[in-house]
Amino acid sequence: MGTRELPPISDTEANLLINLIKKETGVHLDKSKTYLIQSRLASLIESTGIKSFYNLYTYAASGKHPSIVKQIVSSITTHETFFFRESAVYDSLMITIISDIVSTGSNSLRIWSAACSTGQEAYSIAMVCKEKFDQNTNIEIVGTDICHRSIDFARKGVYSSFEINRGMSPQRARRFFRPCEGGMRVCEELQNMVSFKTGNILNSALHGGIYDLVLCRNVAMYFSREDRTILYENIASRLKSGGKLVLGITESLDGLSDKFNKTNLRCCVYYVKKER
Ligand SMILES: C[S@@+](CC[C@H](N)C(=O)[O-])C[C@H]1O[C@@H](n2cnc3c(N)ncnc32)[C@H](O)[C@@H]1O
């Protein structure tokens, strides 16, 4: 039996799916991304037996098939990440920020890796904390992402040798990972520091808790200006006064939030939530 030929996505179908994706994730795709929608959703259509892009949209929009919505979100969002991405963030920025917080006498620290994808950012922070900070500081790292598949992967903590070698030194790999079927598994001492949850960072009711430090990197670039304003408002509401926010190196809060002061540290920038 041959595979069924899927007709190319029409403008109407692309528009409907663009609006659905924007509503579900905040990710703003314009018409120039039609090819991306077609290529990323074609295999989902094949695997589910749904007959067309229009039917995929109506299934998802009906509210009766949440698993289809989840699969669309997983297929469309970009999950590119790697250990110690933008290494200056880990070499100097994280150490300075965390040392500042610890020097205030606080013996507990909560860190949020917002839009953490498959967990490399959260585990990289955990490695820096283990290397630089003493055992008496209780450090909790929470990773969240809208994509269920990425969060399941992060929780398992098993990475291929390609993923391990991309950004991480052999010394760190030896210290923090153990060989296992399928690659290398994060050691227990890191897994005990890190937990993962699914959720939409544009949703103010995402999850409870107040943080000392938030990393929200390489995701706001996919949002409209209006949604970026909502995002930074949500993050401000989750940070202590004086809490710190780190963005991706190409991202900025300029003109989007008045809740933070900008601080330069050598080649990096971070933001400090204003005291009330
Ligand atoms: C390019 S990755 C960035 C990962 C990591 N922060 C880094 O810099 O390496 C972007 C991630 O944002 C997630 N994402 C997109 N929209 C989201 C939303 N509204 N809420 C939470 N996560 C979202 C995607 O699922 C994806 O895993």
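Order of listing sets the numbers, starting from 1, for every ligand and every atom in it.
Considering only heavy atoms from C-beta on, Tyr59 stays 4.5 Å or farther from Thr48 through its side chain. Looking at heavy atoms from C-beta onward, Lys132 lies out of side-chain contact with Met94 at the 4.5 angstrom threshold.
A ring-centre distance under 6.0 Å is not found for Tyr159 and Phe82. Aromatic rings from Phe83 and Phe176 are positioned such that their centres are separated by 6.0 Å or more.
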Practice item. Show the numbers, then the answer: is there a salt bridge (charged side-chain N to carboxylate O under 4.0 Å, His left out) between Lys51 and Glu13? Key: CA-CA 13 Å; Lys51 291 202 168 42; Glu13 289 168 326; over 6 Å; no
Review point. Run the side-chain contact (heavy atoms from CB on, under 4.5 Å) check on Gln120 and Arg166 step by step: do they pass?
Key: CA-CA 10 Å; Gln120 285 90 329; Arg166 204 176 159 210; over 6 Å; no
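Of all the atoms in ligand 1, the ones that sit under 4.0 Å from a non-hydrogen atom of Cys147 are 25 (O). Each of the following atoms of ligand 1 lies closer than 4.0 Å to a heavy atom of Asn200: 18 (C), 19 (N), 20 (N). Heavy-atom proximity to Ser117, at under 4.0 Å, picks out these atoms of ligand 1: 4 (C), 27 (O). Remark: ligand 1 atoms within the under-4.0 Å shell around heavy atoms of Gly199 are 20 (N), 21 (C).
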Donor-acceptor pairs under 3.5 angstrom involving side-chain atoms of residues 241-252: please list them, not counting sequence neighbours.
| from | atom 1 | to | atom 2 | distance (Å) |
| --- | --- | --- | --- | --- |
| Lys244 | NZ | Gly242 | O | 3.1 |
| Glu251 | OE1 | Asn218 | N | 3.0 |
| Glu251 | OE1 | Gly248 | N | 2.7 |
| Glu251 | OE2 | Asn218 | N | 3.1 |
| Glu251 | OE2 | Val219 | N | 3.3 |
| Ser252 | OG | Asp254 | N | 2.9 |
| Ser252 | OG | Asp254 | OD1 | 3.3 |
| Ser252 | OG | Asp254 | OD2 | 3.3 |

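For ligand 1, the polar-atom distance check finds no N/O of Ser150 at less than 3.5 Å from any of the ligand's N/O atoms. Ligand 1 has an N or O atom lying under 3.5 Å from an N or O atom of Ala115, backbone or side chain. The shortest N or O to N or O distance between Val219 and ligand 1 is not below 3.5 Å. Taking distance alone, with nitrogen or oxygen atoms compared against 3.5 Å, Tyr222 stays at or beyond that limit from ligand 1. Of the N or O atoms in Val27, none lie within a sub-3.5 Å distance of an N or O in ligand 1.
Side-chain atoms of Ser160 and Glu163 include a donor-acceptor pair closer than 3.5 Å. A side-chain N or O of His79 and one of Thr77 form a donor-acceptor pair less than 3.5 Å apart.
Atom 19 (N) of ligand 1 has its closest protein heavy atom at Thr25 O, 2.6 Å. Ile201 N, 2.9 Å is the protein heavy atom nearest to atom 20 (N) of ligand 1. The protein atom (non-hydrogen) at minimum distance from atom 22 (N) of ligand 1 is Ile146 N, 3.2 Å. Among protein heavy atoms, atom 11 (C) of ligand 1 sits closest to Asp145 OD2, 3.6 Å. Asn218 ND2, 2.8 Å is the protein heavy atom nearest to atom 8 (O) of ligand 1.
Using a distance-only test at 3.5 Å, with no hydrogens or angles considered, a donor-acceptor pair links the side chain of Ser39 to the main chain of Leu36.
Counting heavy atoms under 4.0 Å from ligand 1, residue Phe223 touches it through the side chain alone.
Residue Thr78 holds the heavy atom nearest to atom 2 (S) of ligand 1 of all those in Thr81, Val73, Thr78. The heavy atom nearest to atom 7 (C) of ligand 1, out of those in Glu251, His79, Arg85, is found in Arg85.
Checked against Trp112 for a side chain to side chain contact (heavy atoms under 4.5 Å, CB included), the options Ile201, Leu239, Leu213, Leu215 give a single hit: Ile201.
Look at Ser74 and you'll find every heavy atom at least 4.0 Å from all atoms of ligand 1.
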